[in-house]
2 protein chains.
Amino acid sequence: MSTSKPVRLTDKQFEQIAKALAEPRRYQILKKIGSCKKEGSMGCQAIQEEHNISAATLSHHIKELETAGLVTITREGKTMSLSVQRDVLHAYLEKLSKI
Amino acid sequence: MSTSKPVRLTDKQFEQIAKALAEPRRYQILKKIGSCKKEGSMGCQAIQEEHNISAATLSHHIKELETAGLVTITREGKTMSLSVQRDVLHAYLEKLSKI
DNA sequence: GCATCATTTAGATGATTATCTAAATATCGA
DNA sequence: TCGATATTTAGATAATCATCTAAATGATGC
């Protein structure tokens, strides 16, 4: 179960992750996605209701998280299902901890 | 020997750290400071020579790192001595790993 | 005090980016 | 197919921020 397979981050991805995490709202969104993972699906709707942002803005943030590799999107009909890529997050933390 | 005393990050500091780390150049600077720690002092000059930036820009970045609590500055006459606050960095990583 | 070296501050500029509205696309159920 | 729901795209705007130059501050040694 989530045996951290060795994830290798390119410099570019490392930067993308750092930027993705630097936006407070994005961090909150990521946390939300992570917290809901247990229950399975996590659509945009639930997130949007918490934050006071438009669907377009949320879409933008989610794309940033996805581009950075921090979340994966699986589509299930109308809604999307998001999940945190903890392997990637931990690879990032691992690299940072080397400082 | 750096027995990690419990550092508590405010939400604000957490954000400041994330933003400080999100700038590639700032990350490089922080890494440089960390790597030179063993030899003791780490002035701006050495950093500035590596990166191709003005003294003013470097000063700006260092202030961001300091404001975030990631580095401390001690003045020694003309030059400054920088050191990484690993306790703070690890508190940040710790919090991120909770996602 | 003056010249020099190290850093900071002020102020400006350009790039990046978070956000919005409006329109487009996609999926489902009736 | 139509209408409703969910998400994306396009395009615009405003805020943030990295960077610079020029000037200011501060410390050292002559």
Side-chain angles (χ1 to χ4, degrees), chain A residues 11-33 36 39-84, chain B residues 11-33 36 39-84:
Chain A
D11 285 354
K12 183 169 184 206
Q13 188 175 10
F14 183 75
E15 288 180 18
Q16 284 174 327
I17 292 170
K19 289 202 188 211
L21 293 172
E23 234 287 312
R25 192 156 265 153
R26 233 151 23 209
Y27 167 71
Q28 295 296 336
I29 291 169
L30 188 66
K31 221 167 52 166
K32 176 81 175 174
I33 295 170
C36 291
E39 326 162 2
S41 167
M42 179 66 202
C44 284
Q45 300 299 301
I47 300 174
Q48 203 189 336
E49 276 153 23
E50 287 203 11
H51 302 271
N52 216 8
I53 54 179
S54 70
T57 299
L58 179 57
S59 178
H60 162 71
H61 284 316
I62 286 174
K63 194 194 288 179
E64 297 278 308
L65 289 170
E66 192 202 13
T67 302
L70 286 170
V71 309
T72 49
I73 304 179
T74 52
R75 298 185 177 289
E76 297 173 355
K78 273 202 286 196
T79 61
M80 68 190 338
S81 180
L82 301 163
S83 61
V84 175
Chain B
D11 285 355
K12 182 167 185 207
Q13 189 175 9
F14 183 74
E15 288 180 20
Q16 284 174 329
I17 292 171
K19 291 205 184 208
L21 294 172
E23 234 288 311
R25 192 155 264 154
R26 232 150 27 207
Y27 166 71
Q28 295 296 337
I29 292 170
L30 188 64
K31 221 167 51 167
K32 176 82 175 173
I33 295 171
C36 291
E39 326 162 0
S41 168
M42 179 63 201
C44 283
Q45 301 299 302
I47 301 173
Q48 202 189 335
E49 275 153 25
E50 286 204 11
H51 303 271
N52 216 7
I53 53 179
S54 69
T57 300
L58 179 58
S59 177
H60 163 71
H61 285 317
I62 287 175
K63 194 194 288 181
E64 296 279 306
L65 290 170
E66 192 203 12
T67 303
L70 286 171
V71 310
T72 48
I73 304 179
T74 51
R75 298 184 176 289
E76 297 173 355
K78 271 202 285 198
T79 62
M80 69 192 334
S81 179
L82 301 164
S83 61
V84 175

Exercise. Quick one: pull up CZ in Arg75(A) and CG in Leu82(A) and give me the separation to the nearest 0.5 Å.
Key: 8.5 Å
Self-check item: Contact residues, residues 12-29 of chain B to DNA chain D [heavy atom, < 4.0 Å]
Solution: Lys19(B), Glu23(B), Arg25(B), Arg26(B)
Quiz item: For dT7(C), does OP1 or OP2 lie under 4.0 Å from any side-chain N or O of Lys63(B)?
Solution: no
Quiz prompt | Nucleotide dA18(D), atom C1' - distance to CD1 of Ile62(B) in whole Å | solution = 15 Å
Exercise. Mind checking the NE2-CG spacing from His60(B) to Leu58(B)? Nearest 0.5 Å is all I need.
Key: 10.5 Å
Taking only distance into account, with no hydrogens and no angle test, what donor-acceptor pairs under 3.5 Å do side-chain atoms of residues 65-73 of chain A form with protein atoms, sequence neighbours excluded?
from: Thr67(A); atom 1: OG1; to: Lys63(A); atom 2: O; distance (Å): 2.8
from: Thr72(A); atom 1: OG1; to: Ser83(A); atom 2: OG; distance (Å): 3.1
from: Thr72(A); atom 1: OG1; to: Gln85(A); atom 2: OE1; distance (Å): 3.3

Self-check item: Nearest-nucleotide comparison on DNA chain C, the residue closer to the 5′ end among His60(A) and Gly77(A)
Solution: His60(A)
Self-check item: ring pair (Phe, Tyr, Trp, His ring centres under 6.0 Å) partners of Tyr27(A), counting only residues at least two apart
Solution: Phe14(B)
Quiz item: Please give, in whole Å, the distance from dT8(C) P to Leu65(B) CG?
Solution: 12 Å
Quiz item: Of Ile53(A) and Ile73(B), whose closest DNA chain C nucleotide lies nearer the 5' terminus?
Solution: Ile73(B)
Quiz item: Roughly how far apart are Ile17(B) CD1 and Lys19(B) NZ, rounded to 0.5 Å?
Solution: 13.5 Å
Quiz item: Rounded to the nearest Å, what distance is computed from the CD1 atom of residue Ile47(A) to the P atom of nucleotide dA6(D)?
Solution: 13 Å
Quiz item: Once you round to the nearest 0.5 Å, how far does CZ of Arg25(A) lie from CD1 of Ile47(A)?
Solution: 12.0 Å
Quiz item: Applying salt bridge (Lys or Arg N to Asp or Glu O under 4.0 Å), which residue pairs with at least one partner in residues 51-60 of chain B are found, sequence neighbours left out?
Solution: none
Pairs under 3.5 Å (N/O, protein and nucleotides 21-26 of chain C):
none

Self-check item: Point-to-point distance, once rounded to the nearest 0.5 Å, from NE2 of His51(B) to NZ of Lys32(B)
Solution: 7.5 Å
Self-check item: Distance, rounded to the nearest Å, where Leu58(B) contributes CG and dT8(C) contributes P
Solution: 8 Å
Quiz item: By salt bridge (charged side-chain N to carboxylate O under 4.0 Å, His left out), which residues pair with Glu64(B), not counting sequence neighbours?
Solution: Arg26(B)
Quiz item: For Arg75(B) and dT25(D), what is the distance between atoms CZ and C1' respectively, to the nearest whole Å?
Solution: 11 Å
Quiz prompt | Rounded distance (Å) that lies between atom P of dC20(C) and atom CG of Asn52(A) | solution = 8 Å
Quiz item: So what does His61(B) hit on the nucleic acid, given a heavy-atom distance under 4.0 Å: a base, only sugar-phosphate, or nothing?
Solution: sugar-phosphate
Quiz item: How long is the line joining CD of Glu64(A) and P of dT8(D), in whole Å?
Solution: 13 Å
